[in-house]
Structures are given as C-alpha cells and as structure tokens.
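Every heavy atom of this structure was used, including side-chain atoms; hydrogens, water molecules and symmetry mates were not. The residues of the chain are indexed from 1 along the displayed sequence. Everything numeric in this text was worked out from a predicted model, so none of it was measured.
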Amino acid sequence: MSGHSGLTTHVLDTARGRPAAGVRVELFRVEGTERRRVTEAVTNGDGRTDAPLIERGSLSPGTFELTFHVAPYFEGFGAASQPPFLDLVTLRFTVGDTSGHYHVPLVMTPWSYSTYRGS
C-alpha cells in the first residue's frame with residue numbers, strides 16, 4: 001500500500017481472558033516537550049475503538065503517545081488493588097514509515113502490560 005495509513009488500537013485483558021470494554025484511550029502527538037491531544041475514545045465490547053484513532057490516509061510521521069486509563073476498568077470488577085498498581089499506561093512510539101498500517105494494542109492485567117506493533 002502506498003501513501004499514508006491509519007492508526008488503531010485494541011485492549012486485551014489477559015487476566016480475564018477477554019477484550020477490555022470501556023477503557024478510555026487518549027492519543028497525543030508529541031513535538032519536543034509539547035503534547036497535543038489528537039483524539040480520545042472508549043473501547044467497545046471487542047476491546048477496540050469504534051473508529052480508527054487516525055483515519056486511513058491521515059497518519060503522518062512523528063512521535064505519538066497512547067494513554068490508556070486502566071485503573072477504572074479494573075476497579076469496575078474489583079480486580080484492582082487499593083490503590084491500583086496501574087493507573088495510566090502510556091505508550092510512546094514513533095511513526096516513520098507511513099506506507100503501512102499502525103496497530104498498537106495493549107495486553108494487560110491489573111499488575112502488568114505489554115504491547116507490540118500489530119497489523
């Protein structure tokens with residue numbers, strides 16, 4: 001695929017073995033010491049946002065941060081310690097090549113998380 005692609009995310013709760021619905025996600029563009037919020041969304045029943053965070057054709061090179069508000073999610077079913085071990089999970093990543101799609105999922109438990117660049 002040529003040209004610019006888009007950006008999506010997906011949140012998976014591996015402690016419960018299911019997608020994480022209702023997680024607030026914020027996307028920021030980072031330029032030097034400045035962070036500018038691009039958009040915000042909440043994950044649906046499949047753990048995805050209803051629309052891409054950045055639509056196909058609109059992603060440009062640069063540094064971004066995805067901030068996942070995980071404490072309220074885990075508190076919603078009593079899995080969070082008090083105080084919660086994880087509150088906000090922020091992933092900073094750089095987009096260089098915009099010819100491919102960027103999918104940045106969060107795989108989490110109340111005590112740990114990981115990510116990867118998906119397709």
* **Cluster overlap L106 with V38, hydrophobic side-chain contacts below 4.5 Å** => yes
* **L86 and Y113: CA distance, side-chain angles, deciding distance, side chain to side chain contact (heavy atoms under 4.5 Å, CB included) verdict** => CA-CA 9 Å; L86 295 176; Y113 65 90; 4.0 Å; yes
* Asked: Any sub-3.5 Å donor-acceptor pair from T49's side-chain atoms to P52's backbone N or O?
  -> no
* Indicate, with yes or no, if L59 and F28 share a hydrophobic cluster defined by side-chain heavy-atom contacts under 4.5 Å among Ile, Leu, Val, Met, Phe, Trp and Tyr. => no
* OG1 on T63 to CZ on R29, rounded to 0.5 Å -> 8.0 Å
* Asked: Is there a side-chain contact between V11 and M108, using heavy atoms and a 4.5 Å cut-off?
  -> yes
* To do: Taking all non-hydrogen atoms of both residues into account, name the closest pair between W111 and F85 and its distance.
  => O-CE2, 3.3 Å
* Within a strict 4.5 Å, meaning less than it, do heavy atoms of the T115 and V104 side chains meet? -> yes
* Asked: Taking side chain as C-beta onward, heavy atoms only, is F68 less than 4.5 Å from R24?
  -> no
* Structure fact -> Exactly one of H101, R56, R48 clears side chain to side chain donor-acceptor pair (under 3.5 Å) with T8, and that residue is H101
* **Non-hydrogen side-chain atoms of V70 and D87 separated by less than 4.5 Å** => no
* What closest approach, in Å, do P19 and Y73 show between heavy atoms, and which atom pair accounts for it? -> O-OH, 4.2 Å
* To do: Could you tell me the separation between the OG atom of S58 and the CG atom of L7, rounded to the nearest 0.5 Å?
  => 11.0 Å
* CZ of R92 to CD of E65: how many Å apart, nearest 0.5 Å? -> 4.0 Å
* Asked: Side-chain contact, heavy-atom cut-off 4.5 Å: R35 with R37?
  -> no
* Given side chains that start at C-beta, do those of Y116 and P105 come closer than 4.5 Å, heavy atoms only? -> yes
* **Distance, nearest 0.5 Å, that separates CZ of F77 from CG of D13** => 5.0 Å
* Taking atom CG of L53 and atom CG of L27, what is their separation to the nearest 0.5 Å? -> 5.5 Å
* Asked: Hey, is the main chain of D97 close enough, under 3.5 Å, to the side chain of Y102 for a donor-acceptor pair?
  -> yes
* Counting N and O atoms only, with roles assigned by atom type, does the side chain of T43 sit under 3.5 Å from a partner on the main chain of G22, one being a donor and the other an acceptor? -> yes
* Asked: If you measure from NE2 on H103 to OG1 on T9, what distance do you get to the nearest 0.5 Å?
  -> 6.0 Å
* Just by distance, do the side chain of H10 and the backbone of D46 share a donor-acceptor pair under 3.5 Å? -> yes
* Asked: Short question: side chain of T90, backbone of T67 - any donor-acceptor pair under 3.5 Å?
  -> no
* To do: Describe, in one word, how the ring planes of F93 and F64 are oriented to each other, choosing from parallel (under 30°), tilted (30 to 60°) and perpendicular (over 60°).
  => parallel
